Amino acid sequence: MQVDIFKDILVPVIGGLGIFMLGLEFMANGIQALSVNKMRDFLAKAAGTPIKGVLAGTLITGVIQSSTAMTVMVVGLVNAGVVALRPAISVIMGANIGTTLGNGLIALPLGPLGLILGGIFALVYVFAKSEKVRNIALACMGFALIFYGLNLMTGGLRPLRNMPEVMELLQTLKADSYLNLLKCVLIAAGVTAMIHSSSATIGIVMGLGAAGVLDWTTAVAFSLGADLGTTITSWMASLNLSKNAKRAAYAHMSFNIIGVLITVPLFFVSIEVLRWAMQWFGGDPGVPVVVDGKDTFPLVPVAVGLYSTFFNVFNTLLLFPFVGVFERVLSRIGHTEADDVEDFSVPKYLDRRFSGDLGQAVPAVEQETERHLKAGALFLDIARSKKSAPNDPGEHYLATDILSRDIRSYSAALLSSDMPMDQLDLVASLIEEADFTAALAEQLHQVARRVRRETFGTQGKAIVDTALDKLDFDLREILPDFGVKAPQMPAGHVNFPEVEQLRAQILIAGQGIAPGERGALLALLGSVERADLLIKRIDAERKSVNRRAVIARAKAQREQREEKSGVFGGDLAPVPGE
């Protein structure tokens with residue numbers, strides 16, 4: 001049957017690649033929009049340590065039967081900021097073991113399943129009213145589309161297996177020397193890279209070996225190459241993602257490449273070990289069994305499956321002690337000065353050990369809230385396009401939003417039903433300040449977005465600069481160490497126009513400012529006005545409760561309780577009298 005290269009190969013391959021990348025994007029966006037804190041806690045339990053990461057990767061991949069999909073999912077989670085690089089490396093190690101647990105399930109129809117699930121979750125996403133349900137549907141739809149995209153690419157390249165030239169090439173290959181072994185490994189890696197499934201490649205090799213097209217040693221060599229080629233998919237998945245997502249993909253690649261480099265010199269020794277081990281699994285895989293008058297080799301698939309499992313387990317045991325080394329080396333790849341910028345998505349002062357002690361917990365919340373304010377103030381540097389500022393306002397806003405949720409969650413956990421009213425009022429004040437701070441960060445984000453996406457003329461640029469300087473100066477009310485330097489003149493001698501004055505300048509500018517630019521400036525001033533109101537509201541909230549006095553009373557009450565319970569000097573128990 002004649003193969004139409006355009007219709008049968010190019011269309012499904014390119015279409016599948018597009019669906020695959022779109023699915024990854026949907027999955028990452030859905031995860032980011034969901035409760036990042038809960039997701040982080042869940043993954044901390046599932047893969048909080050390297051050992052747990054390996055076990056989680058092994059079990060999950062053993063269920064879904066696709067190390068490619070698992071690795072792509074891990075890369076997506078790293079890109080979403082849910083999983084860190086170190087546990088991601090260990091999960092990928094486990095994924096390599098997990099995919100060998102069910103090579104007999106390589107014909108599982110994941111493609112059609114991915115399409116129908118993608119359609120179901122797409123309908124849920126379109127018609128759902130709840131934002132949480134929509135985000136869950138978006139993440140699930142992305143994951144389903146990953147499967148379907150991989151299936152399309154696999155189907156598009158499947159006709160290559162029926163081309164005489166391909167079959168002739170396979171029949172001429174024989175892993176009887178190190179040079180020919182390398183050829184087999186590289187060809188299998190190339191095939192796996194094209195069809196994006198090491199399990200599919202191993203399944204093809206098993207069939208060819210069982211039919212006698214490949215001898216069993218060559219079939220085993222091809223399985224080694226399949227483990228190398230499967231790394232291409234995770235690399236492709238990371239092309240348009242964050243640096244840490246790229247590093248997770250590089251971990252997958254380097255892990256398998258190192259394993260192959262170590263195994264190749266030991267290949268012929270390992271083949272003899274496998275030949276010896278096969279006596280417990282049916283005998284010599286090279287001995288044919290006659291079926292319907294034809295020689296078949298039913299033990300070749302067993303040998304290939306055993307070798308693939310042994311390779312991945314051996315590789316994990318060998319490299320697992322070096323997870324920390326992998327992390328340190330990979331963290332330097334693509335490292336720039338931008339990577340040294342503070343990560344505002346991770347709390348710096350919040351310590352769960354302080355949750356029962358207001359004397360320590362309240363200052364921690366105040367410090368973290370001030371840090372959140374500084375993160376929000378950086379949007380003014382973004383608006384001015386300063387080199388030291390974060391490059392992407394959207395990405396920086398996502399970091400501040402995650403920090404805001406952490407502060408609210410930590411503050412809410414301080415509330416207790418047996419608290420005195422003044423302490424409840426204090427905690428409520430902290431939560432309200434955190435909420436106003438989050439709203440201020442959102443308005444400053446809008447300011448940065450409006451300034452970055454518009455091109456202003458001379459008059460408009462002057463108004464923008466004045467508005468940014470005004471915000472800088474107003475922020476000194478709640479951030480004394482941020483913004484413009486303290487004026488070296490009496491108070492009241494440094495003034496900036498009010499928003500109404502700036503609005504009037506825009507309205508009377510006439511032809512000096514184009515209508516589109518005038519609209520953008522008015523919208524910008526709206527964000528500036530709201531930001532000014534929030535700055536005043538934060539300052540008022542801080543003064544609404546005498547926090548120091550409440551903390552002092554809380555400390556005194558705590559000391560009294562400790563004295564009554566017989567605890568002196570912190571951890572020291574009273575000494576009984578003689």
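Note that this is a predicted model, so its numbers are computed, not measured.
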K.L.:
Rounded to the nearest 0.5 Å, how far apart are CD of Glu529 and NZ of Lys470?
P.N.:
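Answer rounded to 0.5 Å: 9.5 Å.
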K.L.:
Run the salt-bridge test on Lys555 and Glu559 with the 4.0 Å N-O cut-off and return the result as yes or no.
P.N.:
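Here Lys555 does not pair with Glu559 in a salt bridge, since their nearest N and O are not under 4.0 Å apart.
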K.L.:
Do you know which two heavy atoms are closest between Ile431 and Ser411, and how far apart they sit?
P.N.:
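Closest pair (atom of Ile431, atom of Ser411, distance): CG1-CB, 3.6 Å.
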K.L.:
Between Ala520 and Phe456, which heavy-atom pair has the shortest distance, and what is it?
P.N.:
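The answer is CB-CE2, 4.3 Å.
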K.L.:
For the residue pair Glu368 and Arg371, establish whether any side-chain heavy-atom pair is separated by less than 4.5 Å.
P.N.:
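SC-SC contact between Glu368 and Arg371 confirmed.
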K.L.:
Give the intermediate values and the outcome of side-chain contact (heavy atoms from CB on, under 4.5 Å) for residues Val447 and Leu468.
P.N.:
CA-CA 9 Å; Val447 169; Leu468 294 178; 3.7 Å; yes
K.L.:
In Å and rounded to the nearest 0.5 Å, what is the OG1 to CD1 distance from Thr369 to Ile538?
P.N.:
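Answer rounded to 0.5 Å: 9.0 Å.
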K.L.:
So how far is it from Leu521 CG to Ile513 CD1, rounded to the nearest 0.5 Å?
P.N.:
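So the gap between those two atoms works out to 5.5 Å.
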K.L.:
Quick one: salt bridge (Lys or Arg N to Asp or Glu O under 4.0 Å) pairs with a partner in residues 419-429, sequence neighbours left out?
P.N.:
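Listed by first then second residue: Asp422-Arg553.
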K.L.:
The test is salt bridge (Lys or Arg N to Asp or Glu O under 4.0 Å); show your working for Asp406 and Lys348 and say whether it passes.
P.N.:
CA-CA 11 Å; Asp406 278 325; Lys348 189 174 181 181; over 6 Å; no
K.L.:
Tell me, which pairs form a salt bridge (Lys or Arg N to Asp or Glu O under 4.0 Å) where one or both residues lie in residues 450-460, sequence neighbours left out?
P.N.:
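Found none.
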K.L.:
Atom CG of Leu430 and atom CG of Leu358: how far apart are they, to the nearest 0.5 Å?
P.N.:
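It comes to 8.5 Å.
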K.L.:
Do any N or O atoms from the side chain of Thr466 and from the backbone of Ala462 form a donor-acceptor pair under 3.5 angstrom?
P.N.:
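At least one qualifying donor-acceptor pair exists.
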K.L.:
Decide yes or no on side-chain contact (heavy atoms from CB on, under 4.5 Å) for Leu414 and Gln423, but give the supporting numbers first.
P.N.:
CA-CA 10 Å; Leu414 300 179; Gln423 294 180 23; over 6 Å; no
K.L.:
So, for Ile407 and Ala434, which heavy atoms are closest and what is the spacing to 0.1 Å?
P.N.:
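What the structure gives for the nearest pair is CG2-CB, 3.8 Å.
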K.L.:
With sequence neighbours excluded, tell me which residues meet side-chain hydrogen bond (donor to acceptor under 3.5 Å, both in side chains) with Glu500.
P.N.:
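Only Arg503 meet the side-chain hydrogen bond (donor to acceptor under 3.5 Å, both in side chains) criterion with Glu500.
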K.L.:
Given Lys543 and Glu477, is the salt bridge (Lys or Arg N to Asp or Glu O under 4.0 Å) satisfied, shown in steps?
P.N.:
CA-CA 12 Å; Lys543 297 172 181 176; Glu477 197 170 343; 5.6 Å; no
K.L.:
Can you tell if the side chain of Tyr349 reaches within under 4.5 Å of the side chain of Tyr410, non-hydrogen atoms only?
P.N.:
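SC-SC contact between Tyr349 and Tyr410 ruled out.
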K.L.:
Calculate, to the nearest 0.5 Å, the distance between atoms CZ and CG belonging to Phe322 and Leu319 respectively.
P.N.:
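Rounded to the nearest 0.5 Å, the CZ-CG separation comes to 7.5 Å.
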K.L.:
Does a salt bridge link Asp401 with Arg405, judged by any charged N lying under 4.0 Å from a carboxylate O?
P.N.:
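Counted as a salt bridge, because a side-chain N and a carboxylate O are separated by less than 4.0 Å.
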K.L.:
Rounded to the nearest 0.5 Å, what's the gap from OG on Ser527 to CG on Leu522? Could you check?
P.N.:
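Going from OG on Ser527 over to CG on Leu522, the span is 11.5 Å.
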K.L.:
With side-chain contact (heavy atoms from CB on, under 4.5 Å) as the criterion, how do Leu378 and Thr400 come out once you've worked through the C-alpha distance, each side chain's angles and the decisive distance to 0.1 Å?
P.N.:
CA-CA 11 Å; Leu378 285 177; Thr400 63; over 6 Å; no
K.L.:
Under 4.5 Å between any side-chain heavy atoms of Ile382 and Pro390, yes or no?
P.N.:
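Ile382 vs Pro390: side chains touch.
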K.L.:
Identify the residue among His372, Arg537, Arg542 that makes a side-chain hydrogen bond (donor to acceptor under 3.5 Å, both in side chains) with Glu433.
P.N.:
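Of the listed residues His372, Arg537, Arg542, the side-chain hydrogen bond (donor to acceptor under 3.5 Å, both in side chains) partner of Glu433 is Arg542.
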K.L.:
Step by step, work out the side-chain contact (heavy atoms from CB on, under 4.5 Å) result for Val124 and Ile136.
P.N.:
CA-CA 9 Å; Val124 173; Ile136 292 173; over 6 Å; no
K.L.:
On a heavy-atom basis, which atom in Val362 and which in Leu426 lie closest, and how many Å separate them?
P.N.:
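Where Val362 meets Leu426 most closely, the heavy atoms are CG2-CD2, 3.9 Å.
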K.L.:
Going by atom types only, do Ser544 and Glu541 share a side-chain donor-acceptor pair under 3.5 Å?
P.N.:
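Side chains of Ser544 and Glu541: pair found under 3.5 Å.
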K.L.:
Any side-chain heavy-atom pair from Leu440 and Ile478 closer than 4.5 angstrom?
P.N.:
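Sidechains of Ile478 and Leu440: in contact.
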K.L.:
I'd like to check Gln446 versus Arg530 (side-chain heavy atoms, cut-off strictly below 4.5 Å). Are they in contact?
P.N.:
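A side-chain contact is absent here, since even the closest heavy-atom pair is not under 4.5 Å.
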K.L.:
In terms of relative ring orientation, are Phe379 and His445 parallel, tilted or perpendicular, with 30° and 60° separating the classes?
P.N.:
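Tilted: the ring planes of Phe379 and His445 meet at 30° to 60°.
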K.L.:
Identify the two heavy atoms, one from Phe344 and one from Ala375, that lie closest to each other, and give their separation to 0.1 Å.
P.N.:
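For Phe344 and Ala375, the tightest heavy-atom pair comes out as CD2-CB, 3.4 Å.
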K.L.:
List the atom of Arg408, the atom of Asp435, and the distance in Å for their closest heavy-atom pair.
P.N.:
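In terms of heavy atoms, the two residues are closest at NH1-OD1, 4.4 Å.
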K.L.:
Kindly assign one of parallel, tilted or perpendicular to the pair Phe326 and Phe255, based on the angle between their ring planes and the thresholds 30° and 60°.
P.N.:
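Because their plane-to-plane angle is over 60°, the rings of Phe326 and Phe255 count as perpendicular.
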